[in-house]
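These notes are about the structure you will find just below.
Fair warning: this is a prediction, and the values are worked out from it, not measured in the lab. As a basis for the values below, the full set of heavy atoms in this structure was taken, side chains included, without hydrogen atoms, waters or symmetry mates. Residue indices begin at 1 and follow the sequence shown.
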Amino acid sequence: MENVNHKKEWIGWLKVIIITLMLAFFLRTFIFATSIVEGESMYPTLQDGERVIFNKIVYTIDDPHRGDVVIIHQPPKNYVKRVIAMPGETIEIENSQLYIDGEAFQQHFLSDEVIAQTNNFGPMEIPEDNYFVMGDNRLISKDSRNGLGLIPRDDIIGRSELIIYPFNQFGSID
């Protein structure tokens with residue numbers, strides 16, 4: 001009798017393991033994934049080597065918003081950038097001040113020093129289904145101003161939510 005109970009216990013554990021693996025696969029495939037930050041273009045918000053969790057489902061039910069830190073898929077790699085201007089808007093940077101549709105936009109996520117180092121740009125009107133993105137480290141960022149260009153909506157694959165590594169940096173992304 002003890003042998004039968006032992007066998008039932010193993011079958012029970014096997015079921016738990018299989019269900020857990022299936023749930024993890026589902027979450028990783030359709031809901032959340034991880035990405036490693038490469039380079040200093042998002043400093044100080046994100047640093048080189050940090051591992052972030054990004055939400056893959058959020059943009060199937062909503063569109064990106066200004067200020068979102070997004071994951072952009074442009075083979076052969078993914079980029080992490082901040083959404084600055086939305087479809088149909090006009091962006092311009094003049095004397096380090098960012099203007100959206102002619103109105104000054106306050107970039108609370110940047111230090112005054114970084115803002116002062118932002119070069120003039122535009123004006124540029126953002127076409128429908130495209131977004132203008134920039135890295136928070138404006139001096140060295142490859143972004144919509146210089147290399148990535150405007151980002152088609154379909155290339156935005158998720159929103160960065162959480163820094164998970166290194167552990168001393170664990171927390172949400174502003």
Worksheet item: Under a 4.5 Å cut-off applied to non-hydrogen side-chain atoms, are E161 and I173 in contact?
Response: no
Worksheet entry | S144 versus K81, side-chain donor and acceptor atoms under 3.5 Å | no
Worksheet item: Hey, do the aromatic rings of Y99 and F121 have their centres closer than 6.0 Å?
Response: no
Worksheet item: Are D154 and Y59 close enough that a side-chain donor and a side-chain acceptor fall under 3.5 Å?
Response: no
Worksheet item: Is the cationic atom of R66 (NZ for Lys, CZ for Arg) positioned less than 6.0 Å from the six-membered ring centroid of F105 and within 45 degrees of its normal?
Response: yes
Fill in: NE2/H65: more than 12 non-hydrogen atoms of other groups inside 6.0 Å
yes
Worksheet item: Under 4.5 Å between any side-chain heavy atoms of T118 and L98, yes or no?
Response: no
Worksheet item: Are any non-hydrogen side-chain atoms of P64 and R153 less than 4.5 angstrom apart?
Response: yes
Worksheet item: Does atom NZ of K77 have more than 12 heavy-atom neighbours from other groups under 6.0 Å away?
Response: yes
Worksheet item: Going by distance alone, is a donor N or O of one side chain under 3.5 Å from an acceptor N or O of the other, for H73 and D155?
Response: no
Worksheet item: About how many Å separate CE of M124 and OG1 of T90, when rounded to the nearest 0.5 Å?
Response: 10.5 Å
Worksheet item: Thinking salt bridges, do R82 and D136 make one under a 4.0 Å N-O criterion?
Response: yes
Worksheet item: Is the shortest heavy-atom distance from the side chain of L162 to the side chain of V52 under 4.5 Å?
Response: no
Practice prompt. May I ask you to test the N78-I157 pair for a side-chain heavy-atom distance under 4.5 Å?
Written response: yes
Item to complete: Nearest 0.5 Å please: distance from the CD atom of Q117 over to the CG atom of D112.
Response: 11.0 Å
